[in-house]
Protein chains: 2
Amino acid sequence: MIKSLNKNQIKELIDNSDIALSHQEISKRLERQCDRVTIYRALDKLMEEGFIHRIVDVDGVSKFAACHGCTKNHHHQHVHFSCSVCSSVTCLEEIEPDFSLPEGYQVQEMNITLSGVCPVCSA
Amino acid sequence: MIKSLNKNQIKELIDNSDIALSHQEISKRLERQCDRVTIYRALDKLMEEGFIHRIVDVDGVSKFAACHGCTKNHHHQHVHFSCSVCSSVTCLEEIEPDFSLPEGYQVQEMNITLSGVCPVCSA
DNA sequence: TTATTAACGCAACAGTGTTGCAAATTAAAT
DNA sequence: ATTTAATTTGCAACACTGTTGCGTTAATAA
């Protein structure tokens, strides 16, 4: 009946989360446990389909957040914030720094992650 | 006679490289092969001492580049560029985007990595 | 119903990075 | 010069992230 049960559930998790989720966090939050590989593949698909985007955290671990207004072409100029206290990564979609590069650079993607203390932890 | 042979050699490698080097690349370039752990520890020390800084590449792998003007406190507001063709990561030290964050965010570090095609590969 | 496609699980693997302990090397003190 | 202390190194073992291949199950289309 239900198609791609895990994949849909993973999409729901990411959509309903206000912070970006790592593979590990997704695995923990899934009620019906599934194979690690299944999650990786679902995440790849969801990225392909333009539903989520990847953020590489300061420790090198990938986290995933919902896209707003991406189709096939991702455009994530926005800033991400990684809290060193609670380890959360959030999208600051309204913040899109602009800068000009020297001649010859062709930018395809950008990964901007600031780290420090988030408002919740610094309050 | 020579103190911390490996550590100094690693520092030399990074200082003389125009691109940021990964652990793997450093290991290959070392004439006298040494243990993986030794390299990791040397890199940690060199970061502590303010000689190098870490850039997390888009694939989550750490790369290391020389610092210019850092002591203990690293300040790397500058942009990094990761080429998807030749896999090189370079520091664009002159490019320092500024933007203001909402109230409550305390920024300690920033990791800005643009990916695309570098001037050499796009020429 | 059958054929095709997508999703899943399992096993195995490669790579990154960390920790503990012991040996060796370097620097300092007697 | 000999002993002591502090660094540096090597080795083994481990945890974690991510990938690939293969066979199986489930869903969609013919």
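In what follows, chains carry the letters A, B, and so on, assigned in the order in which the sequence lines appear, proteins first and then strands, with residues in each chain numbered from 1.
Within 6.0 Å of the CG atom in B:D98, the count of heavy atoms belonging to other residues, nucleotides or ligands does not exceed 12.
Atom CG of B:D35 is separated from atom P of C:dT25 by 15 Å (rounded to the nearest Å). To the nearest angstrom, P of C:dT16 lies 16 Å from CG of B:D44. The NZ-C1' distance, from B:K28 to C:dG15, rounds to 12 Å in whole Å. Going from atom CD of A:E48 over to atom P of C:dA6 covers 11 Å, rounded to whole Å. Protein atom CG of B:L21 is 16 Å distant from nucleotide atom C1' of C:dT16, rounded to whole Å. For B:L46 and D:dT8, the CG to C1' distance is 13 Å, given to the nearest whole Å. Look at CD1 on B:I26: it is 10 Å from P on C:dG17, rounded to the nearest Å. A:Q9 places its CD atom 15 Å from the P atom of C:dA7, with the value rounded to the nearest Å.
Here B:E12 does not pair with B:K7 in a salt bridge; the nearest charged N to carboxylate O distance is not below 4.0 Å.
If you check C:dA7, C:dT18, D:dG21 against the side chain of A:K45, the one that comes closest is C:dA7. Comparing C:dG20, C:dA7, D:dT19 against the side chain of B:R41 picks out C:dG20 as the nearest.
The hydrophobic cluster containing A:I55, built from Ile/Leu/Val/Met/Phe/Trp/Tyr side-chain heavy atoms closer than 4.5 Å, also comprises A:V89. In this structure, A:V56 belongs to a hydrophobic cluster whose other members, linked by side-chain heavy atoms under 4.5 Å apart, are B:V56.
Residues meeting the salt bridge (charged side-chain N to carboxylate O under 4.0 Å, His left out) test with B:D15, sequence neighbours left out: B:K11.
For the pair B:K7 and D:dT8, the criterion of a side-chain N or O lying under 4.0 Å from OP1 or OP2 is met. Note on B:T38: every side-chain N or O is 4.0 Å or more away from OP1 and OP2 of D:dT8. An OP1 or OP2 oxygen of C:dC8 is reached within less than 4.0 angstrom by a side-chain nitrogen or oxygen of A:N6.
Within the structure, side-chain hydrogen bond (donor to acceptor under 3.5 Å, both in side chains) pairs that include any residue of residues 36-47 of chain B do not occur (at least two apart or interchain).
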Are any protein N/O atoms closer than 3.5 Å to N/O atoms in nucleotides 15-18 of chain D? If there are, list each pair with its distance.
unit_1: D:dG18; atom_1: OP1; unit_2: A:S62; atom_2: N; d: 3.4
unit_1: D:dG18; atom_1: OP1; unit_2: A:S62; atom_2: OG; d: 3.1
unit_1: D:dG18; atom_1: OP2; unit_2: A:Y40; atom_2: OH; d: 3.4
unit_1: D:dG18; atom_1: N7; unit_2: A:R36; atom_2: NH2; d: 2.6
unit_1: D:dG18; atom_1: O6; unit_2: A:R36; atom_2: NH2; d: 3.2

In a table with atom names and distances, give each donor-acceptor pair under 3.5 Å that connects a side chain of residues 99-107 of chain A to protein atoms at least two apart or in another chain.
none

